[in-house]
Participant: 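What follows is a single structure, and I will ask about it in a moment.
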Amino acid sequence: MPVTDHQMVLLMAYLAGEEEVAERVRTELAASGTAEGLAELVYAAFVIAARRRFSPAWTRSGVIRFVAQVRALLSEQPDVLDPLAAEHQLRSAMGEKMTSYPAAEDRARAQVILLDALVQSADLDDAGLHELLDEARQLASQMLAGPPSADST
């Protein structure tokens, strides 16, 4: 199943700070059972944004500093972002081979929160945000389609 327009609207609204629109579309997706693919869209956008922010020469200390800055912004909710999960997700997005993985919920929360922080730090305008999400949609759709089958070669 490819990424849907509704999923794109939801992520765009969330990243643009349009909370009411994001909540309404999230509710619609949940009610219709069409949220499949949203996690892949978030992940793809997160990886693209992380690579734009930290490439080509990323460092662990740069990742740690960024996570610390994000956590400082969330100081009213200190438990909302697990620092180890956040650092893990950024390092993984940069291509580091990881041997252990945080809980799925911690990974997902880290991706969503860090994606928002990466977009904010990049100071993207509407066109830049659309470009990021269009690229993420293509990548997520490829992920959802899976590897090419032997019959298609």
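Computed from a prediction, not measured in an experiment: that's the story for all the values here.
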Participant: Evaluate side chain to side chain contact (heavy atoms under 4.5 Å, CB included) for E96 paired with W58, printing each intermediate quantity in order.
Facilitator: CA-CA 11 Å; E96 183 175 333; W58 72 278; 3.1 Å; yes
Participant: Would you call R24 and E28 a salt bridge, using N to O less than 4.0 angstrom?
Facilitator: yes
Participant: Which distance, rounded to the nearest 0.5 Å, do you find between the CG of L41 and the CG of L133?
Facilitator: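 That separation rounds to 6.5 Å.
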Participant: So if you build clusters from Ile, Leu, Val, Met, Phe, Trp, Tyr with side-chain heavy-atom gaps below 4.5 Å, do V67 and I64 land together?
Facilitator: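 Different clusters.
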Participant: Do you reckon L73 sits in the same ILVMFWY cluster as L15, going by side-chain contacts under 4.5 Å, direct or chained?
Facilitator: no
Participant: State yes or no: do L84 and F46 share one hydrophobic cluster built from I, L, V, M, F, W and Y residues joined by side-chain heavy-atom distances below 4.5 Å, directly or via other members?
Facilitator: no
Participant: Tell me if a side-chain donor or acceptor on Q7 pairs with a main-chain N or O of T4 at a distance below 3.5 Å.
Facilitator: yes
Participant: Determine the minimum heavy-atom distance between S92 and M98, stating which atoms define it.
Facilitator: CB-CG, 3.9 Å
Participant: Please give me the minimum heavy-atom distance between V3 and A140, naming the atom from each residue.
Facilitator: CG2-CB, 3.6 Å
Participant: Show the nearest heavy-atom pair for residues A13 and A22, with the distance to one decimal.
Facilitator: CB-N, 3.7 Å
Participant: To the nearest 0.5 Å, how far apart are CD1 in I48 and CG in L118?
Facilitator: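 Here the interatomic distance stands at 12.0 Å.
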Participant: Report, as yes or no, whether the 6.0 Å neighbourhood of atom CG on D125 holds more than 12 heavy atoms from other residues, nucleotides or ligands.
Facilitator: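 More than 12 heavy atoms, drawn from other residues, nucleotides or ligands, come within 6.0 Å of this atom.
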Participant: If you measure from the Lys or Arg side-chain nitrogens to the Asp or Glu carboxylate oxygens, is any gap between R60 and E87 under 4.0 Å?
Facilitator: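 No salt bridge links R60 with E87.
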Participant: Which atoms form the tightest heavy-atom contact between S55 and M94, and what is the distance?
Facilitator: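 Looks like OG-CE, 3.3 Å.
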Participant: Is there a side chain to side chain contact (heavy atoms under 4.5 Å, CB included) between H130 and L124? Walk through the geometry before answering.
Facilitator: CA-CA 9 Å; H130 279 283; L124 297 177; over 6 Å; no
Participant: Do M8 and D134 have side chains that approach each other closer than 4.5 Å (heavy atoms only, starting at C-beta)?
Facilitator: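 Of all side-chain heavy-atom pairs linking D134 with M8, at least one is under 4.5 Å.
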Participant: Pairs of donor and acceptor atoms involving the side chains of residues 105-114, under 3.5 Å and at least two apart or interchain, shall be tabulated with distances.
Facilitator:
unit_1	atom_1	unit_2	atom_2	d
E105	OE2	R109	NH2	2.7
R107	NH1	P102	O	2.6
Q111	NE2	Q89	OE1	2.6

Participant: Is there a path of hydrophobic side-chain contacts, each under 4.5 Å between heavy atoms of I/L/V/M/F/W/Y residues, joining Y101 to V42?
Facilitator: no
Participant: Could you work out, with ring-ring contact (aromatic ring centres under 6.0 Å, His included) as the rule, every residue matching Y43, not counting sequence neighbours?
Facilitator: none
Participant: In Å and rounded to the nearest 0.5 Å, what is the CG to CD distance from D79 to Q77?
Facilitator: 9.5 Å
Participant: Any heavy-atom pair between the side chains of Y14 and R26 that's under 4.5 Å?
Facilitator: no
Participant: In Å and rounded to the nearest 0.5 Å, what is the CG to CG distance from L115 to L132?
Facilitator: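 Reported to 0.5 Å precision, the distance equals 6.5 Å.
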Participant: Under a 4.5 Å cut-off applied to non-hydrogen side-chain atoms, are M143 and L139 in contact?
Facilitator: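 Yes; the side chains approach each other to less than 4.5 Å.
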Participant: Calculate, to the nearest 0.5 Å, the distance between atoms CG and CD belonging to L10 and E18 respectively.
Facilitator: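 Interatomic distance, L10 CG to E18 CD, rounded to 0.5 Å: 11.5 Å.
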Participant: What closest approach, in Å, do L144 and P2 show between heavy atoms, and which atom pair accounts for it?
Facilitator: CD1-C, 4.3 Å
Participant: Considering only NZ, NE, NH1 and NH2 on the basic side and carboxylate oxygens on the acidic side, decide whether E131 and R137 come within less than 4.0 Å.
Facilitator: no
Participant: Look up atom CG in L90 and atom CZ in F66, then write down how far apart they are to the nearest 0.5 Å.
Facilitator: 7.0 Å
